[in-house]
2 protein chains.
Amino acid sequence: MQVSLQALKAFESAARQGSFKLAAEELSLTPTAISHHISNLESRLNVTLFHRLGRRISLTGTGLRLAKATSEGFRKIDSALEEIMKASTGVRVTTTSSLAAMVLIPCQHEFEQANPNISMEISTGESIDNQSYLIPIRFGDVAVAESSDVISAESFNVFGAYGMRSPSWSNEPITLFTTEWKNKSLPDPPLAAWLEINGLDSSNIKLKKFDQELFGIQQAMAGNGLVFCSTTLTKRLLKANLLQQFETQSVKSDLCYYVPNKDSFETRSAARFLNWLEEILNQ
Amino acid sequence: MQVSLQALKAFESAARQGSFKLAAEELSLTPTAISHHISNLESRLNVTLFHRLGRRISLTGTGLRLAKATSEGFRKIDSALEEIMKASTGVRVTTTSSLAAMVLIPCQHEFEQANPNISMEISTGESIDNQSYLIPIRFGDVAVAESSDVISAESFNVFGAYGMRSPSWSNEPITLFTTEWKNKSLPDPPLAAWLEINGLDSSNIKLKKFDQELFGIQQAMAGNGLVFCSTTLTKRLLKANLLQQFETQSVKSDLCYYVPNKDSFETRSAARFLNWLEEILNQ
DNA sequence: GCTATAGATGAATTAAACTCATCTATAAGT
DNA sequence: ACTTATAGATGAGTTTAATTCATCTATAGC
């Protein structure tokens, strides 16, 4: 190509604003640079692009035609760049109520502190708007998710309010909150396996079910019983002395959190967020 | 703007061709330059544009989006530039048969010799295709044309074949070819005014009319009579000793050659052509 | 007729784009 | 499996091109 793109950029701005001076301001250059660019362009193309009427300029017919093309062309490119830049200054995540409320939202500030130039936006619910650059963290069956997409395989255990005494499983009636997913195709929480591993039986246990783990956890924190839920959600609450666990073993489940097409997120922000997320979930 | 246009150009080419090496060849650069440009772009935008699979590359989703935008944008700009370049490497003129045959075509070679980088294309007739960059040289009434558009005001005189003896206007019958324009709104050739200025009367003159001056001139050259026509068309023939004039005075007419919106032709080629044309018509 | 402003011009400076040399990883050939 | 050739990455050095500075001209407004 024999004409410089910067000259075209200068021309586009000057044409749009009808002034070398204003173009210079817009592009953070001196009017001299604009003048050089445009006369360079004119001599390379062998055309006059501006009529010089003393200290005033006006587009020639040829100039007008070129201006239309350059404006449109650059606008197309700029808007694509802008979209990318917008996407790269922040991450937009959507996930389950439980993960959002128990993990993401509490850690949001910490993430933004560690990554000052990345803002984090969290949404939950059925907003299936297939918007570009929206990162969905799904909760599902490990058998269904691509293995490379999985960020956290879920283990389950029983937790209770901090400070309560260890329950005596065989002697007293126990209220245990657990979850029955709204989505029936998901594997159930592995309560039976957990009981077996810990050598317990369910005769004294009175089960209460919610459709989100979140609610059972909140009940447990309020001292209204114990909760059987994923360790991912309670990790932070244990550290913060809001929940405690007992001498029971946790049990693996077929459930996991995963991000569909995890490797297709190419913005650095998304990559950093996903790394950070895997770290806090698997620490 | 924080991203360099040259980097975008490099990216566009690499994306389209799927190879840094090919992009380098297309842009007459080294593969290194392409690599630098693209990594610069990626770090500025905070995104990954290409997946690097060893020595093979493939566009990421973001890269694909950007590639679409840049390809389209640059294509728009390039095609406008190409049109201008094409226009500036040549001039395309359309005019009357007479001016074309008597002046433009005989001088075409001379013009192209003097302007080696400008090719000249001459067309005549009703091809009113309002194509861009086609220069029409019209023949018409000075009162109708914009004065700034006029290139030559026509004077008329009588001419005969080279070497013939001066006609004796009062003693012998004379055949005089003149023109009756097809377009009736044009002023007639000023024959009456010419006779008056030269103190002659038309009693011995036998008029024959064509609708183009060209034909009368050719009859006169063939020795079949005299021709009353514009001096512009005969100037060259006089010099070349193909025609001669006698002791008569030429007479001004209301006719002229003009180029509508003459000042709207901004290509250097067009400007140079128009200057050259005015020169040879008014020399 | 003076002053201020916009642009033109040419030389000097500065910043960027580009290349070179070197290195790594993959793909192909033996 | 080992060698060879190819594509790209990386960092330092060089060259080109973009930008500025100083100066000059012409217009517009006072």
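Remember, predicted model here, so these are calculated numbers, not experimental data. Sequence lines set the chain letters: A, B, ... in the order given, protein chains first and strands last, and positions in each chain run from 1.
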Rounded to the nearest angstrom, tell me the gap between atom CD1 in B/I57 and atom C1' in D/dA9.
-> 13 Å
For DNA chain C, whose closest nucleotide is more 5', that of B/T30 or that of A/R56?
-> A/R56
Any ion pair linking B/E42 and B/R52 (charged N to carboxylate O, less than 4.0 Å)?
-> yes
Starting from C1' on D/dA7, measure out to CD1 on B/I38 and report it in whole angstrom.
-> 13 Å
On DNA chain D, check which nucleotide each of A/N40 and A/R55 is closest to and give me the residue with the more 5' one.
-> A/N40
For B/S13 and B/Q17, test the side chains for any donor-to-acceptor distance below 3.5 angstrom and give the result as yes or no.
-> yes
Heavy atoms under 4.0 Å, any strand shown: does B/R52 hit a base, just sugar-phosphate, or nothing?
-> sugar-phosphate
Nearest-angstrom distance from the residue atom NZ of A/K9 to C1' of D/dA18 | 16 Å
Side chain of A/T32 - closest among D/dG8, C/dG10, C/dG7 = C/dG10
Out of C/dC18, D/dT19, D/dG8, which nucleotide sits closest to the side chain of B/H37?
-> C/dC18
To the side chain of B/S35, which of C/dA8, D/dA28, D/dT10 is closest?
-> D/dT10
Give one of base, sugar-phosphate or nothing for B/S19, where a contact means two heavy atoms less than 4.0 Å apart.
-> sugar-phosphate
Which residue lies toward the 5' end of DNA chain C, B/S28 or A/K21, if each is placed at its nearest nucleotide?
-> A/K21
Send over the distance from B/L5 CG to D/dA18 C1', rounded to a whole Å.
-> 13 Å
Are the charged groups of B/E154 and B/K252 less than 4.0 angstrom apart, N to O?
-> no
Can we say B/E72 and A/R75 salt-bridge, meaning some charged N sits less than 4.0 Å from an Asp/Glu carboxylate O?
-> no
Just checking A/H36: base, sugar-phosphate only, or nothing, at a heavy-atom cut-off of under 4.0 Å?
-> base
note: A/L49, atom CG; C/dG7, atom P; distance rounded to Å ~ 15 Å
Taking for B/G18 and for A/I34 the nucleotide of DNA chain D with the nearest heavy atom, the one nearer the 5' end belongs to B/G18
Rounding to a whole Å, what distance do you find between B/L53:CG and C/dT24:C1'?
-> 15 Å
Give the rounded distance in Å between these two atoms: CD of B/E25 and C1' of D/dT6.
-> 13 Å
Checking C/dT19, D/dG8, D/dA28 against the side chain of B/L29 (C-beta onward), the nearest is C/dT19
Rounded to the nearest angstrom, tell me the gap between atom CD in A/Q17 and atom P in C/dA6.
-> 13 Å
Could A/K262 and A/E278 be called an ion pair, given the rule that one side-chain N must be under 4.0 Å from one carboxylate O?
-> yes
